[in-house]
Peer 1: 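The structure's right below; bear with me while I get my questions together.
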Amino acid sequence: QEDLFRNQVDIAMKAKLPVILHIRGMTKAQTLALMNRARNLLIEAKYPRSGVIQLHCYTGSLTDLTAWRNHFPNCYVGLSSRMGDCPDVVQDPAFDLQKFLLETDAPHLTPACVVSQNKQQGLEEPPNSPFFLGFNLQRLFQASGIPIRVLARAQQANMTAAYGYV
């Protein structure tokens with residue numbers, strides 16, 4: 001997998017595309033080890049400091065995120081409905097509004113409130129979809145205390161900065 005990753009990084013550098021790291025579904029220790037290895041591989045590949053990186057479905061600590069941003073300042077943290085798995089990142093007073101991206105990870109990680117509501121009604125768990133981003137925005141507001149309007153504007157600005165979306 002490391003050879004494939006190196007090839008992907010090479011393609012991203014040549015095409016000036018972001019690198020998205022989709023590392024989840026393991027123990028915290030395994031995830032951290034793999035994240036550290038990925039960061040080292042990016043450094044070895046001479047991925048530009050100015051290059052965009054998205055840590056998809058991030059569940060690490062603020063300390064780990066800071067280590068990433070020390071090497072890659074344009075490192076965005078992807079926050080899914082499971083952002084409660086990284087409370088120190090979103091509850092820190094220094095939470096960086098310019099470097100987060102809300103995600104759904106559709107069709108996985110349906111917000112817990114939706115799953116619970118469906119369960120109470122005897123319905124199956126629906127697949128996650130972009131429709132549920134509002135729940136993630138609400139969850140981020142609850143965790144950070146930052147007003148929803150401010151978070152929504154920051155989300156749009158971050159998508160534009162990271163991916164050129166308008």
Peer 1: Does atom OH (Tyr163) have a neighbourhood of more than 12 heavy atoms from anything else shown, all under 6.0 Å?
Peer 2: yes
Peer 1: Between the side chain of Tyr58 and the main-chain N/O of Leu65, is any donor-acceptor distance below 3.5 Å?
Peer 2: yes
Peer 1: When you measure from the side chain of Arg49 to the backbone N and O of His71, does any donor-acceptor pair fall under 3.5 Å?
Peer 2: yes
Peer 1: If two hydrophobic side chains count as joined below 4.5 Å and joins carry through other members, does Ile53 share a cluster with Ile11?
Peer 2: no
Peer 1: If we ignore hydrogens and angles and just use 3.5 Å, is the side chain of Glu125 paired with the main-chain N or O of Thr110 as donor and acceptor?
Peer 2: no
Peer 1: With a 4.5 Å limit on heavy-atom distance, are the side chains of Gln8 and Val19 in contact?
Peer 2: no
Peer 1: Is any side-chain heavy atom of Val77 closer than 4.5 Å to a side-chain heavy atom of Arg69?
Peer 2: yes
Peer 1: Does Phe5 share a hydrophobic cluster with Leu17, counting links as ILVMFWY side-chain heavy atoms below 4.5 Å and allowing steps through other members?
Peer 2: no
Peer 1: In plain terms, say whether Lys14 and Asp10 are close enough for a salt bridge, that is, a side-chain N and a carboxylate O under 4.0 Å apart.
Peer 2: yes
Peer 1: Can you tell if the side chain of Ile146 reaches within under 4.5 Å of the side chain of Leu140, non-hydrogen atoms only?
Peer 2: no
Peer 1: Which distance, rounded to the nearest 0.5 Å, do you find between the CD of Gln138 and the CD of Gln142?
Peer 2: 4.5 Å
Peer 1: Could you check whether any side-chain heavy atom of Met35 comes within less than 4.5 Å of a side-chain heavy atom of Asp64, counting everything from C-beta outward?
Peer 2: no
Peer 1: Atom NE2 in His108, atom OG in Ser80: separation rounded to 0.5 Å?
Peer 2: 12.0 Å
Peer 1: Can you see which heavy atom on Tyr47 is nearest to which on Phe72, and at what distance?
Peer 2: O-CE2, 3.5 Å
Peer 1: List the atom of Leu101, the atom of Met159, and the distance in Å for their closest heavy-atom pair.
Peer 2: CD2-SD, 3.4 Å
Peer 1: Working to the nearest 0.5 Å, report the span between CD of Gln117 and CD of Gln120.
Peer 2: 7.5 Å
Peer 1: Should Ile20 and Val52 be counted in the same cluster of Ile, Leu, Val, Met, Phe, Trp and Tyr side chains packed under 4.5 Å apart?
Peer 2: yes
Peer 1: Could you go step by step and tell me if Asp105 and His22 meet the side-chain contact (heavy atoms from CB on, under 4.5 Å) rule?
Peer 2: CA-CA 10 Å; Asp105 197 33; His22 190 272; 3.3 Å; yes
Peer 1: Show the nearest heavy-atom pair for residues Pro18 and Ala162, with the distance to one decimal.
Peer 2: CG-O, 3.9 Å
Peer 1: Within the structure provided, determine whether Leu137 and Gln155 are in side-chain contact (heavy-atom separation under 4.5 Å).
Peer 2: no
Peer 1: Transitively linked via ILVMFWY side-chain contacts under 4.5 Å: Leu41 with Val9?
Peer 2: yes
Peer 1: With a cut-off of 6.0 Å (strictly less than), are more than 12 heavy atoms of other residues, nucleotides or ligands near CD of Glu44?
Peer 2: yes
Peer 1: Could you grab the distance from atom CG of Asn158 to atom CG of Leu102, nearest 0.5 Å is fine?
Peer 2: 9.0 Å
Peer 1: Within the structure provided, determine whether Pro126 and Phe132 are in side-chain contact (heavy-atom separation under 4.5 Å).
Peer 2: yes
Peer 1: Does Asn118 reach the main-chain N or O of Leu123 with its side chain, forming a donor-acceptor pair under 3.5 Å?
Peer 2: no
Peer 1: What's the separation between atom CG in Leu79 and atom CG in Leu133, rounded to the nearest 0.5 Å?
Peer 2: 11.0 Å
Peer 1: Rounded at 0.5 Å granularity, tell me how far CG in Leu42 sits from CZ in Arg39.
Peer 2: 9.5 Å
Peer 1: Would you mind reporting whether Ser144 and Leu151 have side-chain heavy atoms less than 4.5 Å apart?
Peer 2: yes
Peer 1: Report yes if some heavy atom in the side chain of Glu103 is under 4.5 Å from a heavy atom in the side chain of Leu109; otherwise report no.
Peer 2: no
Peer 1: Might you point out which heavy atoms bring Lys99 and Pro73 nearest each other, and give the distance in Å?
Peer 2: CE-O, 3.3 Å
Peer 1: Can you see which heavy atom on Trp68 is nearest to which on Ala38, and at what distance?
Peer 2: CH2-C, 4.1 Å
Peer 1: Specify the closest pair of heavy atoms between Asn136 and Pro111, including all atoms of both residues, with the distance to one decimal.
Peer 2: OD1-CG, 4.0 Å
Peer 1: Check for me, please, whether Met13 and Leu21 land in the same ILVMFWY cluster - side-chain distances under 4.5 Å, paths through other members count.
Peer 2: yes
